[in-house]
Amino acid sequence: MATIGAKNIGVIENAGPNNLKAFIKDTIKAANKVDIGVAFITVGGLEHVSRWLKKAGSRGTVRVLTGFYQCFTEPAALRKLLELKSQLKSGRFEVRVSTDKRFHWKAYFFFTPSTATIAIGSSNLTNEGLKSSGEINFTLRLPRSAPSTASINDVFESEWARAAPLTTRVITLYEQARPDRAGRSVRPLIPLSKILASAPASAPPDQRRNGRVFWRDAITGYADDETEQAIYEETDWDEKGYQWFSTGNSVYGPKDRIVLFDTASGYVELAEVVRTTQTIRRTLCGRHFAAYQRLRGSHRRRINRRLWAKLRQHGTIRTRHDVTRRGKLSEARFAELVDFLGLIR
């Protein structure tokens, strides 16, 4: 690493022995925390550094943040990263995908108990980026406790918090959407939101409960344009012809059944949940949504004065406001309400 003026600033010209591969090898030896954020990762690039990343993960933590911009990152390289993760203890090696469609970082952070060494420039985690000419990277060495170190680290932490975990399903969907690169000089953007929607931050609701759950719930308004766009981009619900609504939180799971009072449209119907999702970014209607279909063999009933009176008589509600409150029902109580409303033909 050649120095420029101050001892803590340097430049990597990627010419001869002064290349990023050598810098990583020398710097990572003492690091107990490694954060890498790069737009492109290839198998050729990982082959140079995977053994060092594994060693760093065995004594500390390694986090790799990448993206799908221009479809350059290789699916095989992503699988290699998951393989490295599987070889280390939980939490020691993590990989995420940026939700920014144009994520174009080239940044490497190495922390020891007392120092932070950072390289930022033009080099991706590729064979060429690590040791070929035509690249340039600047380095900075700071005390780990310095305020400037915390400020720089906050930038990575913010992007990491917005990113989605890398999973085998994400890789498969990316590979399917990735165009054949042969003979292409321009690579189109891919449906990033739909791919990353398959990687929820927590286990889906149907994995947290046993069997079907029965509910009473209500739809009280229409989704705004931003929410409709998010659902369109991140799911295939419109293509499937599913109806959907905001749920506030992740209480529902597939096959749950709901007596659904759609006061916005003026109907009550018997719905069965088919899918749930958590949008990547919060919308005006929230982040949690459920897609549903009307249960086969059932029909809608119009909500009118006669129905309100019948519901009050049944004891289901005392005021119209009661309908808007979600409630879990026993299977027997649910069946009784369905029969009372005449929702089954």
Worksheet item: Does Tyr252 have its ring centroid less than 6.0 Å away from the ring centroid of Trp215?
Response: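 Here the rings of Trp215 and Tyr252 have centres that are less than 6.0 Å from each other.
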Over all atoms of both residues, closest heavy-atom pair of [X] and [Y]:
X	Y	result
Asn137	Ser122	OD1-N, 3.1 Å
Trp52	Lys21	CZ3-O, 3.6 Å
Phe109	Ile152	CE2-CG2, 3.6 Å
Lys131	Asn19	CA-CB, 3.9 Å
Ser148	Leu142	OG-CD1, 3.7 Å
Glu74	Val43	OE1-N, 2.8 Å

Once rounded to the nearest 0.5 Å, what's the spacing between atom [atom1] of [X] and atom [atom2] of [Y]?
X	Y	atom1	atom2	answer
Phe111	Thr61	CZ	OG1	9.5 Å
Thr139	Tyr108	OG1	OH	13.5 Å
Ile118	Phe156	CD1	CZ	11.5 Å
Ser133	Glu128	OG	CD	10.5 Å
Gln293	Gln243	CD	CD	9.0 Å
His48	Asn127	NE2	CG	4.0 Å

Side-chain touch [X]/[Y], heavy atoms, less than 4.5 angstrom:
X	Y	result
Lys33	Arg144	yes
Val11	Phe138	yes
Ile258	Phe245	yes
Leu53	Ile28	yes
Arg257	Glu272	yes
Val64	Leu166	no
Thr277	Trp237	yes
Arg79	Ile171	yes

In one Ile/Leu/Val/Met/Phe/Trp/Tyr side-chain cluster, 4.5 Å: [X], [Y]:
X	Y	answer
Val170	Leu84	yes
Val268	Val338	yes
Ile303	Tyr222	no
Leu307	Phe334	yes
Tyr267	Phe340	no

Side-chain ([X]) to main-chain ([Y]) donor-acceptor, under 3.5 angstrom:
X	Y	answer
Thr283	Gly286	yes
Arg59	Asn32	no
Arg216	Arg325	yes
Asn124	Val38	no
Ser158	Asp154	yes
Arg178	Cys71	yes
Ser246	Cys285	yes
Thr99	Ala163	no
His288	Thr276	no
Asp224	Thr227	yes

Item to complete: Give the intermediate values and the outcome of side chain to side chain contact (heavy atoms under 4.5 Å, CB included) for residues Ile41 and Ile36.
Response: CA-CA 11 Å; Ile41 302 179; Ile36 296 175; over 6 Å; no
Worksheet item: Is the shortest side-chain N to carboxylate O distance from Asp100 to Arg162 below 4.0 Å?
Response: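 Judged by the 4.0 Å cut-off on N to carboxylate O distance, Asp100 and Arg162 do not form a salt bridge.
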Worksheet item: Between Glu336 and Arg333, is there a side-chain N and carboxylate O pair less than 4.0 Å apart?
Response: yes
Item to complete: Check the pair Lys106, Glu135 against side chain to side chain contact (heavy atoms under 4.5 Å, CB included), reporting the backbone distance first and the verdict last.
Response: CA-CA 11 Å; Lys106 299 100 168 64; Glu135 309 284 354; over 6 Å; no
Looking at [X], I want to see if its [atom1] is surrounded by more than 12 non-hydrogen atoms of other residues, nucleotides or ligands under 6.0 Å.
X	atom1	value
Asp225	CG	no
Arg296	CZ	no
Glu331	CD	no

Discussion item. Test side chain to side chain contact (heavy atoms under 4.5 Å, CB included) on Ile136 and Asn14; report intermediate values, then the result.
Written reply: CA-CA 6 Å; Ile136 189 168; Asn14 246 34; over 6 Å; no
Item to complete: Indicate whether any N or O donor in one side chain lies under 3.5 Å from an N or O acceptor in the other, for Ser250 and Gln278.
Response: no
Item to complete: Classify the ring geometry between Phe110 and Phe23 as parallel (under 30°), tilted (30 to 60°) or perpendicular (over 60°).
Response: perpendicular
Discussion item. Which label fits Phe68 and Tyr174: parallel for a plane angle under 30°, tilted from 30 to 60°, or perpendicular past 60°?
Written reply: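 Phe68 vs Tyr174 ring planes: parallel.
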Item to complete: Please lay out, stage by stage, how Ser58 and Leu88 fare under the test side chain to side chain contact (heavy atoms under 4.5 Å, CB included).
Response: CA-CA 7 Å; Ser58 66; Leu88 295 169; 4.2 Å; yes
